[in-house]
Amino acid sequence: MRNKLIVQKFGGSSVSSIERIKNAALRALSYAKKGYKLVIVVSAMGDTTDELIDLSSQITKNPNPREMDMLLSTGEQVSSALLAMSLQKLGLKAISLTGWQSGIASEDVHGKARIIKITPKRIEEELKHNKIVVVTGFQGINSKEDIATLGRGGSDLSAVALAYALDAKICEIYTDVNGIYTTDPRIEPKAKKIKQITYDEMLEMASLGAQVMQARSILFAKKFGVTIHVRSSLNKKAGTVILREAKMLEESVVSAVTLNQSEAKITICDVPDKPGIAATIFKEISKEGVNVDMIVQNVSRASTTDLSFTVSKGELKRALRTSRKAANKIGAGKVFFDSDIARVSIVGVGMRSHSGIASKMFEILADNNINIEMISTSEISISCIIQKKFGKKAVQVLHDKFGLGVKQ
Ligand code: ASP
Ligand code: MG
């Protein structure tokens, strides 16, 4: 079936109105005319999922997780049926199927279930009858035959997993941007669309705050080698292809610059400098379910040191409370926080084989009088915490000096 079958996923903004749904159907028509077989995964229309969450919150702050999944999964059912009708109206044979009918089996968890197996018998049957199959994204069925949702943004995962299970030629992700950019075009208008990017870079960018695709779906694609094409549903332009090895079209070591302004920094002062202290602090914090990101411990000259780390702003209150508790327990000093910070990062698989990239980054920031408060690195990225007010400027100068801008 390979090469004939394409999985297409239309995100919420691409099916946000009847007009957009009709557009998606027209696109499918053009593919059908070229002889492609199509499986189309849809998200809920626009902000439907948020609206459904809002409805439940008017009843309770702690809804039953099973009922919550029952509720949230309805959004995709609406869009899938409407798209199937639009396809039929164009004279195409089409059918919509739920996660259960599509054979998407999930683990017995609600709200963020993983897919454990796909048995797409029904889909294959309908494809044999030359139908376009429209599948509700974001949902599977668990061992109790209850609907389980796959985590926010989970339609991406549905699409990638189906592309793998059906051995599709490619998984196209339709969204409201033209693809993945060298940086956010709203911050730097000279940002360029990237033609090809690796799974690793994409994962790194997702973890650093780029929100184009659900990170779990990229992990899945990497594991099973599913090629993804992220593109706009509003035009016919090619977008960005995500794959294992990107062709290095240009000799660029750095592929993208990202900015994340959703973190805050906590500093615990005068932490006793002896074994087991960091373990105590971070155990307390993780017990609260707070995710700690960057950690920096100052070199101690006396017998105490300062310890700084970042957490997401949403978890700041909880993190502060536990940090103060932990500081008390170990006899450390005051606990400060700063939520006016930004994380600017450079990402690129080329960094694996090039040296001097970190020093160049620091130099560029220094030349622009931007103070670096914390640094962290991975194999393919370098991040600096700076003051929030310099975030935009940092992105622009790094983007420029690493040669990512549109040549003018
Ligand atoms: N509708 C779900 C959400 O908004 C799933 C998705 O859009 O992928 O998270
Ligand atoms: Mg959505």
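One-based numbering, in listed order, for ligands and for the atoms of each. Start at 1 with the first residue, then count along the sequence.
Considering backbone and side-chain N/O atoms, Asp156 never comes within less than 3.5 Å of an N/O atom of ligand 1. Below 3.5 Å of separation, one finds an N or O of Gly153 facing an N or O of ligand 1. Considering backbone and side-chain atoms alike, Ser43 places an N or O below 3.5 Å from some N or O of ligand 1.
Here the rule is salt bridge (Lys or Arg N to Asp or Glu O under 4.0 Å) with Glu107, and of Lys144, Lys117, Arg114 only Arg114 fits it. Each of Phe10, Tyr31, Tyr174 was compared with Ile40 under the side-chain contact (heavy atoms from CB on, under 4.5 Å) criterion, and only Phe10 meets it. The only option from Ser383, Ser378, Ser255 that meets the side chain to side chain donor-acceptor pair (under 3.5 Å) definition with Glu204 turns out to be Ser378.
Of all the heavy atoms of Gln214, none lies under 4.0 Å from any atom of ligand 1, so neither backbone nor side chain is involved.
When Ser155, Ser217, Gly75 are checked for heavy-atom proximity to atom 8 (O) of ligand 1, Ser155 turns out nearest.
For the 3.5 Å distance criterion, the side chains of Asp338 and Gln387 qualify, holding a donor opposite an acceptor. Asn260 and Ser262 form a side-chain donor-acceptor contact under 3.5 Å, judged by distance and modelled atom types alone. In this structure, a donor-acceptor pair under 3.5 Å is present between the side chains of Glu172 and Gln8.
Ligand 1 lies out of reach of Gly11, whose nearest heavy atom is not under 4.0 Å from it.
Of all the atoms in ligand 1, the ones that sit under 4.0 Å from a non-hydrogen atom of Arg152 are 3 (C), 4 (O), 9 (O). For ligand 1, the atoms sitting less than 4.0 Å from at least one non-hydrogen atom of Glu76 are 1 (N), 2 (C), 5 (C), numbered in the order shown with element in parentheses.
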